[in-house]
Visitor: 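Below is one structure. I have some questions about it.
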Amino acid sequence: TREPPFDIAALRSDVEDLISDKLELGPALVRLAWHEAASYDSTKKDGSPNSASMRFKPECMYAGNNGLDIPRAALEPLKKKYPQISYADLWVLASYVAIEYMGGPAIPYSWGRVDAKDGAACGPDGRLPDGAQTQKHVRSVFTRLGFNDQETVALIGAHTCGECHLKYSGFEGPWTHDKNGFDNSFFTELLDEDWVVNGKIQQMQMMDRATTRLMMLPSDMCLILDPKYRTYVELYAKDNDRFNSDFSKAFKKLTELGTSNLHPAPAAES
Ligand code: HEM
Ligand code: CA
């Protein structure tokens with residue numbers, strides 16, 4: 001381990017304060033770190049993942065990144081207060097703090113990500129997954145990123161928290177009844193509810209017949225329709241500890257894609 005050049009304990013606690021003031025920031029920070037990494041192509045080794053390239057045009061304008069200006073702006077005061085941390089490290093640290101704050105796993109953090117200098121680093125548009133599509137598309141995106149089926153299912157389990165916003169994605173609503181909590185409930189809802197088409201939303205999305213308050217995207221539904229994905233949905237629905245540990249490993253891998261020479265930070269006291 002190597003002590004970073006910023007006060008990581010104080011920074012973690014400042015991120016917790018931001019989230020406790022505005023709970024919907026937690027899921028938004030997780031989505032920010034995910035989309036920053038998801039521009040990667042593991043065969044071409046391009047797309048500038050984990051470099052905070054999303055600060056720049058054209059990437060900040062990609063439709064898939066709608067709404068992520070909010071978590072980026074929320075972290076700006078902390079970048080000013082802790083100028084020694086890179087944006088790229090800050091976004092990832094904030095996502096780990098958010099996951100733990102919401103009741104998810106404590107992910108071992110490493111620092112040393114290098115910020116992109118300008119928009120020349122941005123990957124092309126069209127690399128983020130499309131919620132209107134199903135297993136063929138989902139598998140091609142996650143294979144391009146370098147993840148297998150088990151890691152893919154674990155990662156999409158992040159839809160345990162947060163919600164869709166009509167104004168950002170054209171989809172609407174949360175996946176689970178506790179959108180500020182982080183556990184395996186995305187998987188239990190997926191298996192336990194009777195999912196029917198929600199005719200009130202223009203884009204095709206599903207709602208649970210029992211309460212009609214929950215939603216699933218076509219890309220979520222494909223996880224129970226594809227037999228290989230479904231095996232892992234069943235595993236994680238039964239075993240929250242296994243979900244936490246597999247999610248933790250896959251999310252750490254996601255947030256370290258394309259980086260080199262990261263330093264493990266000393267573990268946080270909790
Ligand atoms: C939100 C699609 C995978 C984390 C969303 C939204 C869509 C979406 C359409 C709603 C955005 C909005 O309207 O605000 C997808 C698709 C995926 C995928 C198609 C893959 C097939 C992931 C992964 C993670 C993740 C791998 C993290 C590991 C989140 C979170 C939110 C979200 C936390 C909620 C954001 C908020 O409440 O502001 N996703 N997603 N997603 N996604 Fe995903
Ligand atoms: Ca990027």
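Each ligand, and each atom within it, is numbered from 1 in the order the structure gives.
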Visitor: Who pairs with F142 by ring-ring contact (aromatic ring centres under 6.0 Å, His included), at least two apart in sequence or on another chain?
Guide: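 By the ring-ring contact (aromatic ring centres under 6.0 Å, His included) rule, F142 matches W34.
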Visitor: Using 4.0 Å as the upper bound for N to carboxylate O, is an ion pair formed by K80 and E76?
Guide: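 Salt bridge between E76 and K80, a charged N being under 4.0 Å from a carboxylate O: yes.
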Visitor: According to side-chain hydrogen bond (donor to acceptor under 3.5 Å, both in side chains), who are the partners of W111, at least two apart in sequence or on a separate chain?
Guide: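 If we apply the side-chain hydrogen bond (donor to acceptor under 3.5 Å, both in side chains) test to W111, skipping adjacent residues, there are no hits.
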Visitor: Report the relative orientation of the aromatic rings in H159 and F186; use parallel for angles under 30°, tilted for 30 to 60°, perpendicular for over 60°.
Guide: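 The rings of H159 and F186 stand perpendicular, inter-plane angle above 60°.
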Visitor: For ligand 1, what N or O to protein N or O distances fall under 3.5 Å?
Guide:
residue  : atom   : partner : partner atom : Å
ligand 1 : 13 (O) : H165    : N            : 2.8
ligand 1 : 13 (O) : H165    : O            : 3.2
ligand 1 : 13 (O) : S169    : OG           : 2.6
ligand 1 : 14 (O) : H165    : ND1          : 2.7
ligand 1 : 37 (O) : E163    : N            : 2.9
ligand 1 : 37 (O) : E163    : O            : 3.3
ligand 1 : 39 (N) : H159    : NE2          : 3.0
ligand 1 : 40 (N) : H159    : NE2          : 2.9
ligand 1 : 41 (N) : W34     : NE1          : 3.2
ligand 1 : 41 (N) : H159    : NE2          : 2.9
ligand 1 : 42 (N) : H159    : NE2          : 3.0

Visitor: Verify the distance criterion only: is there a donor paired with an acceptor across the side chains of S185 and T160 at less than 3.5 Å?
Guide: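 A pair is found: one side chain offers a donor N or O, the other an acceptor, under 3.5 Å apart.
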Visitor: For the residue pair Y232 / D246, report whether a side-chain donor-acceptor contact shorter than 3.5 Å exists.
Guide: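 There is no such pair between these side chains.
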Visitor: Does E16 pair with R12 as a salt bridge, N-O distance under 4.0 Å?
Guide: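 Looking at R12 together with E16, the answer is no, because their closest N to O distance does not fall below 4.0 Å.
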Visitor: Hey, does the side chain of D115 reach the backbone of A52 with a donor-acceptor pair shorter than 3.5 angstrom?
Guide: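 It does not hold such a pair.
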Visitor: Answer yes or no for R72 and Y87: cation-pi contact, defined as NZ/CZ to six-membered ring centre under 6.0 Å and angle to ring axis within 45°.
Guide: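 The answer is no; the distance or angle limit is not met.
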Visitor: Output, by chain and residue number, all protein N/O/S atoms separated from the Ca ion (ligand 2) by less than 3.0 Å.
Guide: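 Result, waters dropped: E36 O, E36 OE2, S48 O, S53 OG.
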